[in-house]
Amino acid sequence: MPRILIIDDERSIRSTLREILEYEKYEIVEAEDGAEGLQLIKKEDFDLVMCDIKMPKMDGMEVLIASAEIKPDLPFIMISGHGSIDTAVEATKKGAYDFLQKPPDLNRLLITVRNALEKKDLVTETKILKRKVSKTRDIIGQSSPIVRIKDTIEKVAPTEARVLITGENGSGKELVARWIHEKSNRANGPLIEVNCAAIPSELIESELFGHEKGSFTSAIKQRIGKFEQANGGTLFLDEIGDMSMSAQSKVLRALQENKITRVGGEKEIPVDVRIIAATNKDLFKEIELNNFRMDLYHRLSVIIIHVPTLNERSDDIPEIAQSFLEEICNDYGVPVKKFTTSAMKALQANHWTGNIRELHNMVERLIILSDKEITEQDVILNSGVNRKNMGLETSAQSNTNTFDQYNSYQEFKDDVEKEFILFKLEKNNWNVTKTAEEMDIQRSHLYNKIEKYKLKR
């Protein structure tokens with residue numbers, strides 16, 4: 001039921017509007033002056049405000065302007081018995097949805113209220129869709145490391161300071177980078193992401209800085225690099241610890257001079273880019289091994305944000321798992337399932353090597369394979385949780401429960417192989433070449449396995 005706040009110093013007008021709107025099934029809250037109305041707007045949530053213009057203490061225009069700073073998406077319908085075209089235009093310029101004269105015409109009143117509420121719904125839906133398109137989820141959790149990260153983002157985002165984000169694979173470094181961009185003054189500009197580990201060392205310079213036609217064998221036309229694509233926005237260099245030394249030198253020069261030169265070109269191109277970098281490596285160790293430049297490290301690490309592992313913030317798991325549960329059920333178009341208390345404790349007891357990414361996959365698996373209620377047994381059967389580790393039963397009993405779900409040896413072998421490949425891919429941030437080398441198989445063979453098991457990032 002939509003909530004409407006009526007702000008008017010005339011009791012008769014408030015009573016009339018309340019009677020009309022409550023008959024139409026709207027929930028009504030009243031305020032007798034602008035100051036009281038503004039306090040209610042600060043403390044409570046409303047879908048629409050109907051506000052008189054001429055009032056003692058604080059007039060309607062002042063309420064409209066003050067509310068726009070607190071809740072910019074809250075629609076206002078201004079009402080007045082002394083209205084004119086000029087007043088209506090001024091109210092609209094200051095953000096009012098519409099203007100009604102007293103006494104309001106019943107049909108126009110109801111149509112205006114309905115349209116204002118529909119507009120608010122559209123604004124909300126648009127924001128949700130934009131968030132989905134941009135793949136930006138909320139940073140979920142109330143643990144002290146996450147609270148510190150959120151506070152740091154609020155302070156750092158509006159500045160031009162470069163940020164280095166550290167943490168294990170799957171811990172949420174990309175999400176932190178996205179929120180820094182979204183809360184920055186460059187939010188309307190592009191956010192360009194480059195996974196330095198996924199690009200062969202011989203192509204990284206072309207990827208970052210672009211190339212001129214004919215600069216190397218396969219350069220059949222000019223190409224714009226990521227630095228130029230990110231001009232006026234943010235460039236996110238993920239896994240920067242895997243960047244080649246020659247590319248590091250050029251990135252350092254670009255940071256120092258705000259200019260780049262395309263591969264095979266001579267012209268210097270000015271760029272206006274904010275750099276956010278991320279790595280799962282110990283860069284000091286890489287510096288000692290001569291794999292990373294000390295001067296580049298100091299250029300990048302104006303602000304350092306460390307993202308904790310999921311195991312270090314297990315108190316956040318119930319909130320994160322519930323969010324994933326609702327999101328995935330909605331995506332699949334199925335009723336939202338429910339975790340039992342013991343199931344949630346089992347998730348918290350698990351050792352998460354893949355961090356948030358692994359938890360998301362786990363929740364998706366549980367939604368597909370479990371009934372309406374996700375139990376502790378479902379969690380144990382579909383994850384690495386071992387009852388022996390939880391002090392609940394012996395390893396033999398646990399193995400019996402685990403193996404009971406397989407009807408044949410081939411089924412068991414395929415499932416284990418699928419989980420092993422998925423684990424290795426996530427560990428290496430879906431770098432297929434690196435994963436194939438680590439597994440000691442041909443890359444084409446790994447691609448066939450990914451296709452066979454329909455694995456997706």
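In this text, all values refer to a predicted model and were calculated from it rather than measured experimentally.
Looking only at distances, no side-chain donor or acceptor of K427 sits under 3.5 Å from a matching main-chain atom of G354. Distance alone, capped at 3.5 Å, places no donor-acceptor pair between the E69 side chain and the A66 backbone. Side-chain atoms of N258 never come within 3.5 Å of backbone atoms of P270 as a donor-acceptor pair (strictly under, hydrogens ignored). In this structure, the side chain of T92 engages the main chain of A88 through a donor-acceptor pair within 3.5 Å. Judged purely by atom type and a 3.5 angstrom limit, K452 has no side-chain atom pairing as donor or acceptor with the backbone of Y447. Judged by distance alone, with hydrogens and angles left aside, the side-chain atoms of K71 form a donor-acceptor pair with the main-chain N or O of I41 at under 3.5 Å. Between the side chain of S206 and the backbone N or O of L203, no donor-acceptor pair lies under 3.5 Å. Listed for the W352 side chain is a donor-acceptor partner under 3.5 Å among the backbone atoms of L347. The backbone N or O of V379 lies less than 3.5 Å from no partner atom in the side chain of R365, so there is not a single donor-acceptor pair. Looking only at distances, a side-chain donor or acceptor of N195 sits under 3.5 Å from a matching main-chain atom of A197.
A salt bridge is absent between E437 and R443; no separation between the charged side-chain nitrogens and carboxylate oxygens falls under 4.0 Å. At a threshold of 4.0 Å, the pair R3-D47 does not count as salt-bridged, since none of the basic side-chain nitrogens sits closer than that to a carboxylate oxygen. Look at K337 and E373 and you find no salt bridge, because none of the NZ, NE, NH1 or NH2 atoms lies under 4.0 Å from a carboxylate O. A salt bridge links K94 to E90: one of the charged nitrogens lies within less than 4.0 Å of a carboxylate oxygen. Comment: R357 does not engage E168 in a salt bridge, judged by the lack of any side-chain N to carboxylate O separation of less than 4.0 angstrom. Salt-bridge formation is detected for the pair D272/R186: a Lys NZ or Arg NE/NH1/NH2 atom is positioned less than 4.0 Å from an Asp or Glu carboxylate oxygen. Looking at E193 and R178, a side-chain N of the basic residue comes within less than 4.0 Å of a carboxylate O on the acidic one, giving a salt bridge. Salt bridge R313/D316: present, at least one basic N to carboxylate O contact under 4.0 Å. For E268 and R253, the salt-bridge test passes: some basic side-chain N is under 4.0 Å from an acidic carboxylate O.
Side-chain atoms of T435 and N428 form a donor-acceptor pair, as typed in the model, at a separation below 3.5 Å. Side-chain contact check for N280 and N169: at least one donor-acceptor pair (N or O, by modelled atom type) lies under 3.5 Å. For the residue pair S246 and E205, a side-chain donor N or O sits within less than 3.5 Å of a side-chain acceptor on the partner. In summary, the side chains of N361 and E426 do present a donor paired with an acceptor at a separation below 3.5 Å, with no hydrogens or angles considered. R293 and S249 form a side-chain donor-acceptor contact under 3.5 Å, judged by distance and modelled atom types alone.
For H306, the side chain to side chain donor-acceptor pair (under 3.5 Å) test picks out T166, with sequence neighbours left out. A search for salt bridge (Lys or Arg N to Asp or Glu O under 4.0 Å) contacts involving E228 returns R262, not counting sequence neighbours. Looking at residues two or more places apart in sequence or on another chain, you find no side chain to side chain donor-acceptor pair (under 3.5 Å) involving T112. N431 is linked by a side chain to side chain donor-acceptor pair (under 3.5 Å) to nothing, counting only residues two or more places apart in sequence or in another chain.
Within the structure, side-chain hydrogen bond (donor to acceptor under 3.5 Å, both in side chains) contacts touching residues 231-241 (residues at least two apart or in different chains) are H181-T234.
More than 12 heavy atoms of other shown residues, nucleotides or ligands fall within 6.0 angstrom of atom CD in E44. Atom NZ of K424 has more than 12 heavy atoms from other residues, nucleotides or ligands within 6.0 Å. Within a 6.0 Å radius of CD in E451, other residues, nucleotides and ligands contribute 12 heavy atoms or fewer. A 6.0 Å sphere centred on CG of N188 holds no more than 12 heavy atoms belonging to other residues, nucleotides or ligands.
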Steps toward side-chain contact (heavy atoms from CB on, under 4.5 Å) verdict (T261, K267)
CA-CA 6 Å; T261 305; K267 181 184 175 184; over 6 Å; no
Take F46 and L40, measure what side-chain contact (heavy atoms from CB on, under 4.5 Å) needs, and give me the verdict at the end.
CA-CA 9 Å; F46 296 100; L40 285 169; 4.1 Å; yes
If you apply the rule side-chain contact (heavy atoms from CB on, under 4.5 Å), what do you find for F339 with L366, and how did you get there?
CA-CA 10 Å; F339 282 110; L366 289 168; 4.0 Å; yes
Please test K338 against L325 for side-chain contact (heavy atoms from CB on, under 4.5 Å), starting from the C-alpha separation and ending with a verdict.
CA-CA 8 Å; K338 181 183 177 183; L325 183 79; 5.7 Å; no
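F227 and F209 have parallel rings, their planes meeting at less than 30° on a 0 to 90° scale where 60° marks the start of perpendicular.
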Show me, pair by pair, the donor-acceptor contacts under 3.5 angstrom made by side chains of residues 282-290, not counting sequence neighbours?
residue, atom, partner, partner atom, Å
D282, OD1, F284, N, 3.1
D282, OD1, K285, N, 3.4
E286, OE1, N291, ND2, 3.2

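Residues K372 and P335 form no side-chain contact, since every pair of their non-hydrogen atoms from C-beta on lies 4.5 Å or further apart.
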